[in-house]
Amino acid sequence: MQQMWTDIDAYIESHLILEDPILIQTLKHTDERGYPDHLAVAPNQGMLLQMLIQMNQCKRVLELGTFAAYSTMWLARALPQDGYILTIEGRDTHATLAQENINNAQLSQIIELKCGRAADVIRDLPSDTEAFDFIFIDADKQSYPEYLELSLNVSHSGTIIVLDNVIRAGEILNSENHKPSIEGIREMFVAMQNHPRILSCTALQTVGSKGHDGFAIAIVK
Ligand code: DHB
Ligand code: MG
């Protein structure tokens with residue numbers, strides 16, 4: 001099935017997703033540096049993130065887990081001139097690569113990259129930090145329950161929170177899989193259920209060039 005999913009993603013992209021030299025350059029540079037591409041969102045997923053931001057006229061975006069800043073650039077392209085993205089990356093090798101990609105794309109005006117554990121960086125934000133309108137959680141899956149709570153603390157009513165990779169080829173249902181990353185996702189589902197600060201939430205399975213995975217999405221009450 002994987003080949004068909006990949007071919008269909010290519011079909012969707014060739015029809016609906018305009019090639020952007022900056023995004024292509026980012027993937028090329030990331031590949032040249034020897035980093036794998038499976039960690040990045042697919043272009044049609046990046047477009048969905050961009051559209052969610054546009055639909056809601058978001059201006060302040062928080063991203064947990066930058067990797068090469070490819071998803072960050074999709075988020076950035078949705079923003080008006082006075083938009084702002086804070087993106088947080090835990091691994092300094094990834095952060096170095098991400099900053100190179102951001103600089104090459106001339107997006108350092110709107111994208112601020114901080115290196116550190118996302119939970120620490122969010123806790124250390126100044127107390128007068130304005131709430132974010134859109135939050136993309138894509139860092140270590142083990143910490144998703146903690147990231148969800150911290151994200152709610154820097155949200156306002158109507159903030160949209162999207163969490164990447166919440167299906168993991170169905171491993172969330174494999175009762176023999178107790179990897180911290182999988183347990184973290186299961187705990188995130190439990191935490192979302194009837195959460196007093198969440199207005200509505202759902203999750204969607206996806207198949208495509210990145211395999212079988214999915215997004216969860218929540219609107220803050
Ligand atoms: C992995 C992490 C991601 O954020 C992703 O989109 C795909 C894979 C991983 O850690 O394997
Ligand atoms: Mg991801």
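Residue numbers start at 1 and run along the sequence shown. One-based numbering, in listed order, for ligands and for the atoms of each.
- Nearest protein heavy-atom contact of atom 9 (C) of ligand 1 is Leu39 CD2, 3.5 Å.
- For Tyr35 and His94, the gap between ring centers is short of 6.0 Å.
- Side-chain contact between Leu79 and Val61 is present, with at least one heavy-atom pair separated by less than 4.5 Å.
- The Mg ion (ligand 2) has Asn165 among its coordinating residues (N/O/S atom, backbone or side chain, under 2.8 Å).
- Contacts of Asn165 with ligand 1, taken as heavy-atom pairs under 4.0 Å, involve the side chain alone.
- The N, O or S atom of Asp164 lying closest to the Mg ion (ligand 2) is OD2.
- A cation-pi arrangement is present between Arg60 and Phe132, with the terminal nitrogen or guanidinium carbon under 6.0 Å from the aromatic centre and inside a 45° cone about the axis.
- Around atom 7 (C) of ligand 1, the closest heavy atom drawn from His38, Gln45, Lys141 belongs to His38.
- The closest side-chain heavy-atom distance from Arg168 to Lys141 is below 4.5 Å.
- Restricting Asp138 to its N/O/S atoms, the shortest distance to the Mg ion (ligand 2) is reached by OD1.
- Within the 4.5 Å cutoff, side-chain heavy atoms of Ile172 are placed close to those of Phe189.
- Classification of the Phe215-Phe136 ring pair by plane angle, with boundaries at 30° and 60°, yields tilted.
- Which parts of ligand 1 touch Asp164 is read off a 4.0 Å heavy-atom cut-off, strictly below it: atoms 6 (O).
- Nearest protein heavy-atom contact of atom 8 (C) of ligand 1 is Arg168 NH2, 3.3 Å.
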